[in-house]
Amino acid sequence: MSTEIRLSISGMVCAGCVSAVEEALQKVEGVKAASVNLGERSAIIEGEVEVEELIAAIKGAGFNAAELVSLADEEEKENRELQEYRRLWWRAISAGAIGLILFVLGMGGFLPSVEEGQLVWLGISLITLLVLIFVGGHFFSGAWVTLKNRRGNMDTLVAMGTGTAWLYSTVIVLYPDVVPSLARHAYFEAAVIIIALVSLGSALETRARGKTSAAIRQLIGLQPKTARVIRNGEEIDLPLEQVGLDETLRVRPGEKIPLDGVVLEGSSHVDESMLTGEPMPVGKEAESEVVGGTINGSGTFLMRTTHIGRETVLAQIVDMVRKAQASKPEIGRLVDRIAAVFVPIVIVVAVLSFTVWFWFGPEPQLSYAMVAAITVLVIACPCALGLATPISIMVGVGRAAGMGILIRNGEALQQSGEVTTVVLDKTGTITEGNPRLVSMLPTMNSSEDDLLGMAASLEMGSEHPLATAILDAAKERGISLESAANFHSETGQGVSGEIGGRKLLLGNRAMMEEHDVNLHEWIEKSLEWGAEGMTPIYLAQGREIAGMLAIADPIKEGAKESIEQLRQIGVQVMMLTGDHSSTAEAVASQLGLGSNEVAAELLPSAKIDQIKLLQQQGGRVAMVGDGINDAPALAQADVGIAIGTGTDIAIESADIALMQGTLQGVVESIALSRATMRNIKQNLFGAFVYNTLGIPVAAGVLFPLFGVMLSPVVAAAAMSMSSVTVVTNALRLRNKSLEIS
């Protein structure tokens, strides 16, 4: 059986690193799939393989890895990233201070010429070398490892750029006569400042990147760290890791419920808004299910654990969000393919730049050639390119989770924005899925409570869904019931019996006609109710009607508004249902759907055929259902959206799960998808434009026209800020208003 392993990975800096790690993982025998996320510095691997083999493969590619299993592992990962953030700041400050001193001394004329102050310059060379080793050494070690693996990444370009600058400058100091006098310019300060600026950019990126995981941290924070367990008659507080299945827990007022379970004793109201998005607390009593992470109200109760560890609803939600954040849409895989060949191309461009300037440039040719080559290497780092897609996916999926929308993968996030048709199931999706008593019409001689009391008393012996609706309504009103004598059920028609010595009939029109009940004054109202999607139920005493009740599956609040919003953005809406045509048409009329937008009396296979037809016509179809009978249709659609609450969200056939159980989530899914894809395209456009313009400018194309030659220091600053810009742009998704267009 295939297992899933999640690893944290340190040392990744750009898209080239992602390709290297993925390639190393995919070469391990038993690995079926591997997805690496640069934004979160993690990998998810599926297959039958040992963790030690995966870690060894990653180390062989030049990176470090550790398995992520428990909350403690996640905290350790965050601690390591915090330490790395502090190290980056130390590197940036120390290298920046030394670089600034060298820059000021050089520009202020405080340093002698290379010929006259060889010892001074040798000292500067040594100081620069120490900075490269102790502050920028990770660039060189990373470049060496990637070179051994015949690959390239950001480390390769930075190491080549700064190393070349130091080596060229040191050769000039040791052998000044090797180059013409005009070319005797040292670039020690450039090498040091490049290290400082790249480290500064990485530190700023790390800080901003940490905000993209806020949704995961908030979800994890919902679960308390301890639970009050009752063992051997004593109550003890234990860490959640030590709580087993079928344990008895006490949940006190105001506490977070530790794990999933069932109430054994007591009652309370529980705030389940983190799960369903509904602000109203839900009443809980014996046999009620409770979910870990939700908040208990003022009551106290005992519960039995039914799910622990990674099997809880909250843990599954966290896993789902993580998988989605680590997954890649098609646009992301395209970037990976580009990044795999990007560094070799940059090195070739740097060599060509050096050659052209050396042979055809003005005096001093060697200096110009060196500056052009170093600047090309430094400015072309593919950091921004590698972050452009995953960082937006992380923020988008995280925001969706906060809105009660669980997106399973990046592909679903991308395709949601391309949907042209939304297909809706009726029962449980458009309607609430539970028949309810919605209207009553008693005779002049009785009240609604009298009518409901008689009907409910007759239905006490029935298990029909319509009977349940009547009994629930009587319970809500606190109506006392009597047992019916001579109870009889007539299949497909209704029930009969005696209440207080009166012979009563309760059923549909066919039952009334069979018993010769006079319906003349009631037909018009029953037809009116039927046109509105309600089922009329008659109560008769003898041959006279004693009243009429209407039962319906109510349309969910906001369903009509959500459908109108979908239409406003050019999305076609269709309703598919297995229900009778008359009921379907009644619901459709209330929603403003035309006859050509409704298909009724469909088996699950027929729903699939309808979706296939829409796809053959060139449409991108999203199917919205409750995840039970609709599972085949959800799988057939381009995007399957499961709508439901609580544990119903765990539907394997759906790409997106809506926890709040309303159609507004469909609208928000499309809005968020479009906003995220726009954000990704903005990031990619910026990254590509940056490199498309930056590399030629670094190579010196502006020099013949304007006499402008880009400095390696400016190139380093631009390279670092490009990554920070990409991350900052992605973070806008966290608070951006979702305007669908």
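Every value quoted in this text rests on a predicted model; they were computed, and no experiment measured them.
- Distance alone, capped at 3.5 Å, is enough to place a donor-acceptor pair between the S268 side chain and the G299 backbone.
- Here E528 pairs with K525, E532 under the side-chain contact (heavy atoms from CB on, under 4.5 Å) rule; sequence neighbours left out.
- The backbone N or O of D246 sits less than 3.5 Å from a side-chain atom of T305, completing a donor-acceptor pair.
- If you check the side chains of N729 and Q682, you find a donor sitting under 3.5 Å from an acceptor.
- Judged by distance alone, the side chain of S42 and the main-chain N or O of L7 form no donor-acceptor pair under 3.5 Å.
- Side chains of E448 and L451 form no contact here, defined as non-hydrogen atoms less than 4.5 Å apart.
- Closest of all the heavy-atom pairs between A584 and T577 is CB-CG2, 3.7 Å.
- At distances below 3.5 Å, at least one donor-acceptor pair connects side-chain atoms of E22 with backbone N or O atoms of V36.
- The side-chain heavy atoms of Q636 and K612, taken from C-beta on, include a pair separated by under 4.5 Å.
- Rounded to the nearest 0.5 angstrom, S526 OG and I537 CD1 are separated by 11.0 Å.
- Ion pairing between R567 and E597 holds under the 4.0 Å rule for side-chain N and carboxylate O.
- M303 contributes atom CE, which lies 6.5 Å from atom CG of L259 (distance to the nearest 0.5 angstrom).
- When the salt bridge (charged side-chain N to carboxylate O under 4.0 Å, His left out) test is applied to E255, the partners found at least two apart in sequence or on another chain are R252.
- Evaluation of the side-chain contact (heavy atoms from CB on, under 4.5 Å) rule for S589 yields no partner, not counting sequence neighbours.
- The closest donor-acceptor contact from the side chain of T431 to the backbone of K426 lies under 3.5 Å.
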